[in-house]
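Comments concern the structure below.
Lettering of chains follows the sequences in order, A, B, ..., and the numbering in each one begins at 1. Side-chain atoms are counted along with the backbone in the values below, which use heavy atoms only and exclude waters and symmetry mates.
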Protein chains: 2
Amino acid sequence: MKEGPDIALLGSLIGDPARANILTALMSGKALTATELALEAGVTVQTASSHLKKLQDAHLLRQRKQGRHRYFTLADDDVGSVLEAMMGLAAKRGLLRTRTGPRDEALRKARVCYNHLAGDLGVAIYDGMVSQGYLAEADDDVSLTRDGEDFAEAFGIDLASLVKSRRPMCKSCLDWSSRRTHLAGSLGSALLNRFYKLGWAARVEGSRVVEFSASGERSLLAKFAIKAPAS
Amino acid sequence: MKEGPDIALLGSLIGDPARANILTALMSGKALTATELALEAGVTVQTASSHLKKLQDAHLLRQRKQGRHRYFTLADDDVGSVLEAMMGLAAKRGLLRTRTGPRDEALRKARVCYNHLAGDLGVAIYDGMVSQGYLAEADDDVSLTRDGEDFAEAFGIDLASLVKSRRPMCKSCLDWSSRRTHLAGSLGSALLNRFYKLGWAARVEGSRVVEFSASGERSLLAKFAIKAPAS
DNA sequence: TTCATGGTTCGATCCTAGTCGAAGCATTCG
DNA sequence: CGAATGCTTCGACTAGGATCGAACCATGAA
């Protein structure tokens, strides 16, 4: 009894609605200010501030000062992963939010997961890269093959700079919607940025949804040799 | 804002210390009665009962009546996975329980994860089976190869009966201690039972720790072609 | 300097949710 | 049929934590 790490503290942190909203909002990967988060969570700035302090103390959040603003982000990818996993379980148990709007469908198709692409399209890209031999799966880790390196460079990604960053280049992350794996890590976020740059996709303001243009989606499907278009 | 599944409800369920203790206790995979769980959680039977009700309402727990006893187990492997993931995050954030006894080391080496083997040895077995070509990894799924089927049958596992059970035969599960993958699913639990039967290992009463005998561990390492013995 | 904006800290309030005692069912055993 | 055990329900109590108003810092602009 009472073995292992303390799960209750973590749970209670996520368990408060206001904090859960804050964390969910930060899953978009954007750095948000305290006031923005307060609005998002539906509480006053004071309360949000106290929540943010608690989340920081538990090292779930990171704070960056910039001028007179303070930007908050999730501490790292691990926090995002756990949140996704919990969303998966919650979704499966039917603990869905009451209000499921039309946005929900868009969310399932393509959304930002902290800093990379998730949703059906994210999964499809991952599958495509594996079947093309660009990604190699070993154990729980994923790695880029030689072919994959060539592919990435040709696609306009500067691998050298990715290597320099400390965080792992390839990482797999589990979707809450499709319960399949998609690509995270610095390569995952680099790919997403590339999609933005190429004009294939754009963020929907104030949401995790990523919207692909018709031509952008076509290019994407072709580029990653995705057979069955994600319906 | 307020997109996606409701994480707060799930979090608050896990967030209460008593409930967290109950869930952690059930991670051992054993079916426990309400009174046992109350003792484990350090509360009276009445309170435990109310907690159990809530956990059941959220479909995190399953109840089996047997005579005048009511046995509780985790609803399924998914719940266990999320709990392990949360333990991983909590451990990394240094949110460890104050009391970390000598048991902790044993826990890291080999423990029961719901119904299969986790810890360093669990990971080693998984790695060994992959490198021997018994397990094939595709996407996030793992499957048994033909060679693997032969191996399992030869090891004394009745695959036919495993197939009949509805739950997937192979599944990967993430360790909170080593943060690597080990084998779950019906095959995972069948393997663990086989270890018990062969007298290689035994459960330490009232704990998740699995203790291997010296000869049992040797046999294990040999059987699964594990190179570097988990230190 | 003064003013304005963004955040935090303090204090008081309020309310939910955990807790247990006691009583109420259900099941099994003698 | 009692009697005993295992568990749930009910009711009352309490504490902890979320919440916000107000005051208090810090930074940047005029």
For this session: Whole angstrom is fine here: how far is it from OH in A:Y71 over to C1' in C:dG7?
Result: 14 Å
Exercise. Which of residues 49-56 of chain A have a heavy atom under 4.0 Å from DNA chain D?
Worked result: A:H51, A:K54
For this session: Could I get the full list of salt bridge (Lys or Arg N to Asp or Glu O under 4.0 Å) partners for B:D76, not counting sequence neighbours?
Result: A:R93
Problem set entry | A:N21 and A:E40, any side-chain heavy atoms less than 4.5 Å apart | no
Exercise. How long is the line joining CG of A:N21 and C1' of D:dA18, in whole Å?
Worked result: 14 Å
Exercise. How long is the line joining CG of A:L61 and C1' of C:dG7, in whole Å?
Worked result: 15 Å
Exercise. Does a side-chain heavy-atom distance below 4.5 Å link A:L32 with A:Y71?
Worked result: no
Problem set entry | Gap between atoms CG and P, on B:D16 and D:dA15 respectively (whole Å) | 17 Å
Problem set entry | Atom-to-atom span, CZ of B:F72 to P of D:dG6 - whole angstrom | 14 Å
Exercise. B:L144 versus B:L159: any side-chain heavy-atom pair under 4.5 Å?
Worked result: yes
For this session: Determine the contact category for B:A18: base if any of its heavy atoms lies under 4.0 Å from a base atom, sugar-phosphate if only primed atoms, P, OP1 or OP2 are that close, otherwise nothing.
Result: sugar-phosphate
Seminar exercise, completed: By side chain to side chain contact (heavy atoms under 4.5 Å, CB included), B:R194 pairs with (sequence neighbours left out) B:F155, B:I157, B:K197, B:L198
Problem set entry | Distance test, side-chain N/O of B:Q63 to OP1/OP2 of D:dT8, below 4.0 Å | yes
For this session: Could you tell me the separation between the CD1 atom of A:I14 and the CG atom of B:L9, rounded to the nearest 0.5 Å?
Result: 13.0 Å
Problem set entry | Atom-to-atom span, CD of A:E36 to P of C:dT5 - whole angstrom | 17 Å
Problem set entry | For atom NE2 of A:H69 and atom P of C:dA4, their distance in whole Å | 17 Å
Side-chain atoms of residues 49-56 of chain A: list all donor-acceptor pairs with protein atoms under 3.5 Å, sequence neighbours left out, distances to 0.1 Å.
unit_1: A:S50; atom_1: OG; unit_2: A:T47; atom_2: O; d: 3.4
unit_1: A:H51; atom_1: ND1; unit_2: A:R19; atom_2: NH1; d: 3.1

Identify the pairs formed between an N or O of the protein and an N or O of nucleotides 20-26 of chain D at a distance under 3.5 Å, and give each distance.
unit_1: D:dC20; atom_1: OP2; unit_2: A:T44; atom_2: N; d: 3.2
unit_1: D:dC20; atom_1: OP2; unit_2: A:T44; atom_2: OG1; d: 3.1
unit_1: D:dC20; atom_1: OP2; unit_2: A:T47; atom_2: OG1; d: 3.2
unit_1: D:dG21; atom_1: N7; unit_2: A:Q46; atom_2: NE2; d: 2.6

For this session: Using five pairs at either end of the helix from C:dT1-D:dA30 to C:dG30-D:dC1, determine the angle between the two local helix axes and round it to 10 degrees.
Result: 20°
